[in-house]
2 protein chains.
Amino acid sequence: MVQTSADPRVQQKVLEKKREILDAASRVFRRRGLQSTGMRDIAAELGMAVGNLYYYFKDKEELLAFVQEGTLEGLLDLAVQVRKNRLPADARLALLIEGHVVLLNEGIPGSLAHLEVEALREPWRRKVQDQRDAYERTFREILEEGMAAGVFRQTDPKVTAMAILGALNWTVKWFRPDGGKTALEIGRECAELLVRGVMA
Amino acid sequence: MVQTSADPRVQQKVLEKKREILDAASRVFRRRGLQSTGMRDIAAELGMAVGNLYYYFKDKEELLAFVQEGTLEGLLDLAVQVRKNRLPADARLALLIEGHVVLLNEGIPGSLAHLEVEALREPWRRKVQDQRDAYERTFREILEEGMAAGVFRQTDPKVTAMAILGALNWTVKWFRPDGGKTALEIGRECAELLVRGVMA
DNA sequence: GCACAATTTGAACCATGGTTCAAACTTCCG
DNA sequence: CGGAAGTTTGAACCATGGTTCAAATTGTGC
């Protein structure tokens, strides 16, 4: 098992390797989907032997959990950026929407693997779900803020947030980089549609 | 194997049994999701032995394909109904949206199993995908019609249709009958959001 | 009742794919 | 070098769960 050494040099190297594996796993999960991705596929993507993965990660579930956390980290970063600025609610919602679509679709076209919390069992599921809830809360907050300011019409922020997120998450199912539009362009069109939808 | 008899009495009985099995499978797929649903679970839902399922269906994939076709049939019916009437585009889009949400969420809360074409292999995949394309075309048509009539603003109908469908399909991931709102209410809120989003 | 077809059973079979592990290899000081 | 710690290998192991099938049961026409 890894992590038996106290040497910081070694620990550093292990961390790098872990990240490398996670990146590869992330790619393969996106490309092939959750079920079609085998440990052997991930190993092949790295040119290493299957068993080696287990030197760095306990099992496939842990691997997936970290991959999902990675995606959520990116989204949470985005949320922080958007929260920071002082634009009106509609502009901020648009930014959040565009960023979300770009993050989910940049690089390799993908499956929903990065978002399928249902695939995780209980220690992990809660952890990832909590992060996800936190992220989704950002949408609700912006919506509520916009309603309070009178820019948005009155709606149930929970329902509206989930409807918006559905539209965005679903893009990974149909967006293809070679489809003639960039992820950002798609993001803009989504923003246009959804922000207009909530305007007062 | 079934279907060796030419007796219409027998054929009728077989059809009924098939429907019964498909209904059960439909329920279990919704409840447990695609991967968590075993043949044994479906058999248990019916109180029959596993092997018996194979008397009526070739394999799990065929079962899933028929279940998905059943869902699509319902949606296509809806599309026909909506096409029939002579309301303006915005009203028709709203009807389609509401109906879609209700169909996907009535009865048991669900997973996306009914919509995961990716889980099917090539003979079936094409067949189901074609039906799905036909259904999605309805959205594009209404959008184009609305744009032509000037009720809707100019957008890329393909992208807009997929964005709308994403919001709707995603409802099965979060809607719960005991959540205080009915599927129809959710459908109405989605319609409000999305129709407003495309209005000129 | 009897024979024959149709249906149902469930234990056994088997493919897939996650997981283990002892051996081989590398790295890095002393 | 030498050897200990760290890393990698890949064949073998094994659990899960879809699938088969011969036997048992039920239904039907004569």
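Since the structure is predicted, the reported quantities are computational estimates derived from the model, not experimental observations. Scope of the values below: all heavy atoms of this structure, side chains included, with no hydrogens, waters or symmetry mates. Every chain is numbered from 1, with letters handed out A, B, ... down the list of sequences.
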Within this structure, what is the [atom1]-to-[atom2] distance between [X] and [N], rounded to whole angstrom?
{"X": "Arg40(A)", "N": "dA15(C)", "atom1": "CZ", "atom2": "P", "value": "15 Å"}
{"X": "Tyr56(A)", "N": "dG6(D)", "atom1": "OH", "atom2": "P", "value": "12 Å"}
{"X": "Met39(B)", "N": "dT20(D)", "atom1": "CE", "atom2": "P", "value": "12 Å"}
{"X": "Lys58(A)", "N": "dT20(C)", "atom1": "NZ", "atom2": "P", "value": "8 Å"}
{"X": "Lys17(A)", "N": "dT7(D)", "atom1": "NZ", "atom2": "P", "value": "9 Å"}
{"X": "Ile42(A)", "N": "dG10(D)", "atom1": "CD1", "atom2": "P", "value": "18 Å"}
{"X": "Arg32(B)", "N": "dG17(D)", "atom1": "CZ", "atom2": "C1'", "value": "13 Å"}
{"X": "Leu53(A)", "N": "dT19(C)", "atom1": "CG", "atom2": "P", "value": "10 Å"}

Whichever of Asn52(A) and Asn52(B) has its nearest DNA chain C nucleotide further upstream toward 5':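 Checking each residue's closest nucleotide, the 5'-ward one belongs to Asn52(B).
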- request: Evaluate the side chain to side chain contact (heavy atoms under 4.5 Å, CB included) criterion for residues Ile186(B) and Asn105(B): first the C-alpha distance (whole Å), next the side-chain angles of each, then the deciding distance (0.1 Å), finally the verdict.
  value: CA-CA 10 Å; Ile186(B) 302 293; Asn105(B) 292 291; over 6 Å; no
Just how far is it from atom [atom1] of [X] to atom [atom2] of [Y], taken to the nearest 0.5 Å?
{"X": "Glu189(B)", "Y": "Met162(A)", "atom1": "CD", "atom2": "CE", "answer": "13.5 Å"}
{"X": "Leu22(A)", "Y": "Arg27(A)", "atom1": "CG", "atom2": "CZ", "answer": "11.0 Å"}
{"X": "Tyr135(A)", "Y": "Leu96(A)", "atom1": "OH", "atom2": "CG", "answer": "4.5 Å"}

message: Applying a 4.0 Å non-hydrogen cut-off, can you work out what Gly38(A) is touching in the nucleic acid: base, sugar-phosphate, or nothing?
response: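 Answer is sugar-phosphate: Gly38(A) comes under 4.0 Å of backbone atoms only.
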- request: Identify whether any heavy atom of Ser36(B) sits under 4.0 Å from a base atom; if not, whether one sits that close to sugar-phosphate; answer base, sugar-phosphate or nothing.
  value: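 It contacts nothing in the nucleic acid.
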message: Counting only side-chain heavy atoms from C-beta out, which of dT7(D), dT19(C), dT9(C) sits nearest to Val14(A)?
response: dT7(D)
- prompt: Between Trp124(B) and Phe66(B), is a ring pair (Phe, Tyr, Trp, His ring centres under 6.0 Å) present by the stated rule, with each step listed?
  reply: CA-CA 9 Å; Trp124(B) 290 111; Phe66(B) 278 123; 5.4 Å; yes
field: Cationic N near anionic O, under 4.0 Å, Glu118(A) to Arg125(A)
entry: no
message: Looking at Arg188(B) and Glu192(B), is any side-chain nitrogen of the basic one under 4.0 Å from a carboxylate oxygen of the acidic one?
response: no
message: Please confirm whether the shortest side-chain N or O distance from Tyr54(B) to OP1 or OP2 of dT19(D) is below 4.0 Å.
response: yes
query: Along nucleotides 23-28 of chain C, 5' to 3', which nucleotides get a B, which get an S, and which get a -, given that the test is a protein heavy-atom distance under 4.0 Å?
result: ------
